[in-house]
Amino acid sequence: MDEHNALGRFLRDLRARRDPASYGFASSRRRTPGLRREEVAQRAHISPAWYTWLEQGRGGPPSADVLDRIAKGLLLTEPEREHLFVLGLGHPPPARYRAPEGVSPRLQRMIDAMDFSPAILRTATWEVLAWNRAAAVVLTDYAKLPPDGRNLLRLIFSNPDIRAKQVDWRAMASGVVAAFRADAARAGASTEVIRLVEELSALSPDFAEMWADASLLPHGDGAKRLNHPVLGLIELEYSSFAVDGRPDLGLIVYNPVDEAVAGRIRALVKGMAD
């Protein structure tokens with residue numbers, strides 16, 4: 001066995017840690033734990049000889065199709081699948097979009113701990129899945145909206161209250177469209193994007209114009225100015241973060257630019273909670 005065959009070692013380790021019964025194979029009369037090579041090949045719909053060569057580092061590099069078959073056959077997690085592609089081809093697999101799975105209690109507690117910094121968790125198609133009290137007070141009370149009404153693009157281009165809050169609505173909206181295009185492409189959400197773009201283009205000439213511009217921008221950080229009905233004119237800085245292990249999610253945190261604004265937000269949040 002080639003000592004530099006990292007792909008082969010990883011495949012053997014994956015195979016050894018699998019419970020045969022969970023994959024539809026009898027688990028008795030086995031001299032070693034895990035699946036046999038021919039069983040992995042059967043589930044991956046490839047020849048046993050070709051799979052054996054992969055473990056032994058023979059036969060050249062595998063194709064993306066073969067690696068994807070193995071990943072599906074072994075029911076790999078997303079991190080395992082990504083590592084398999086990195087070892088086999090030198091790069092991660094193409095993005096594949098999955099419907100949002102919701103937010104874990106741990107993630108919700110994390111954003112809830114930010115008492116004066118609005119924070120939201122959104123999908124690659126900019127659906128808001130979770131938010132904290134500060135976001136409900138400063139941005140939008142998403143709890144009062146139906147789940148299909150929490151898409152940030154729909155709110156920006158169809159909700160007059162959201163538009164009225166923005167000091168420079170056009171600049172903000174244009175930046176969001178460019179970031180949405182980049183996020184959706186990275187996540188492989190082409191089908192979902194087509195439906196949403198068609199809907200928004202029919203709904204808003206402004207969106208249609210901005211989408212036709214074909215700009216791509218990261219939504220990394222920046223400033224946001226709002227005319228809030230209670231807080232008055234406020235300025236926030238925002239930063240965007242990836243959520244490790246959840247490629248379908250992005251975290252956006254807004255921080256007040258000074259302590260005075262932070263204190264006003266904190267008081268308003270506390271007043272709503274009392």
Side-chain angles (χ1 to χ4, degrees), residues 95 97-100 102-103 118-132 134-243 247-254:
Y97 183 72
R98 293 182 177 178
V103 170
I120 61 173
L121 285 157
R122 58 159 179 77
T123 70
T125 54
W126 289 60
E127 305 281 346
V128 176
L129 293 188
W131 58 92
N132 61 7
V137 165
V138 176
L139 303 176
T140 302
D141 191 351
Y142 301 101
K144 293 182 178 179
L145 302 174
D148 62 355
R150 295 171 187 163
N151 182 280
L152 291 176
L153 289 150
R154 290 193 183 98
L155 289 170
I156 289 169
F157 287 96
S158 67
N159 189 308
D161 293 333
I162 298 295
R163 185 164 185 155
K165 275 186 181 181
Q166 313 304 316
V167 173
D168 189 345
W169 177 86
R170 178 162 288 276
M172 179 276 298
S174 179
V176 166
V177 170
F180 160 69
R181 187 195 307 274
D183 281 351
R186 190 182 305 115
S190 57
T191 302
E192 291 75 14
V193 166
I194 290 171
R195 289 198 296 263
L196 185 57
V197 166
E198 289 177 347
E199 172 195 334
L200 292 172
S201 295
L203 180 71
S204 168
D206 288 318
F207 176 84
E209 175 191 340
M210 293 175 189
W211 184 257
D213 182 54
S215 296
L216 285 165
L217 288 174
H219 195 251
D221 52 43
K224 185 179 187 70
R225 300 179 71 207
L226 294 174
N227 281 311
H228 194 274
V230 177
L231 299 170
L233 179 63
I234 61 172
E235 185 172 354
L236 307 167
E237 298 173 332
Y238 67 83
S239 297
S240 299
F241 306 90
V243 179
D248 58 317
L249 285 185
L251 168 66
I252 307 176
V253 179
Y254 298 85

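Side chains are part of it too, since the values below use all heavy atoms of this structure and drop only hydrogens, waters and symmetry mates.
Taking each heavy atom of Gly149 and Leu155 in turn, the nearest pair found is O-CD2, 3.6 Å. Between Ala164 and Asn227 the shortest heavy-atom distance is O-CB, 4.4 Å. When all heavy atoms are compared, the tightest approach of Ala135 to Ile120 is CB-CG2, 3.9 Å. Contact detail for Ser158 and Pro160: the closest heavy-atom pair is O-CD, 3.4 Å. What you find for Arg181 and Trp211 is that their closest heavy atoms are NH2-O, 2.6 Å. Summarising the geometry of Ala143 relative to Trp131, their closest heavy-atom pair is N-CZ2, 3.3 Å, with the distance given to 0.1 Å.
Residue Phe180 is tested with Ile156, Leu200, Val197 for a side-chain contact (heavy atoms from CB on, under 4.5 Å); the sole match is Val197. With Phe157 as the partner, the side-chain contact (heavy atoms from CB on, under 4.5 Å) test is satisfied by one option alone out of Val177, Ile162, Leu152: Val177.
Leu145 places none of its side-chain heavy atoms less than 4.5 Å from the side chain of Val128. Side-chain contact check for Leu153 versus Phe207: some heavy-atom pair is nearer than 4.5 Å.
Taking CZ of Arg154 as the start and CG of Asn159 as the end, the distance is 13.0 Å to the nearest 0.5 Å. How far CG of Leu226 is from OH of Tyr254: 8.5 Å, rounded to the nearest 0.5 Å. To the nearest 0.5 Å, atom NE2 of residue His228 and atom CG of residue Leu233 are 12.0 Å apart. The CD1 atom of Ile252 sits 10.0 Å away from atom OG of Ser239, with the distance rounded to the nearest 0.5 Å. Put simply, CG on Asn151 and OH on Tyr142 are 10.5 Å apart, with the number rounded to the nearest 0.5 Å. Rounding to the nearest 0.5 Å gives a distance of 9.0 Å between CG of Leu231 and NZ of Lys165.
For Glu235, there are no side chain to side chain donor-acceptor pair (under 3.5 Å) partners at least two apart in sequence or on another chain.
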Exercise for the section: Begin with the C-alpha distance, continue with both residues' side-chain angles, and end with the deciding distance and a verdict on side chain to side chain contact (heavy atoms under 4.5 Å, CB included) for Val176 and Trp126. Expected result: CA-CA 9 Å; Val176 166; Trp126 289 60; 3.8 Å; yes
Practice task
Just do the salt bridge (Lys or Arg N to Asp or Glu O under 4.0 Å) check on Arg170 and Asp206 with the steps written out, would you?
Solution key: CA-CA 9 Å; Arg170 178 162 288 276; Asp206 288 318; 2.8 Å; yes
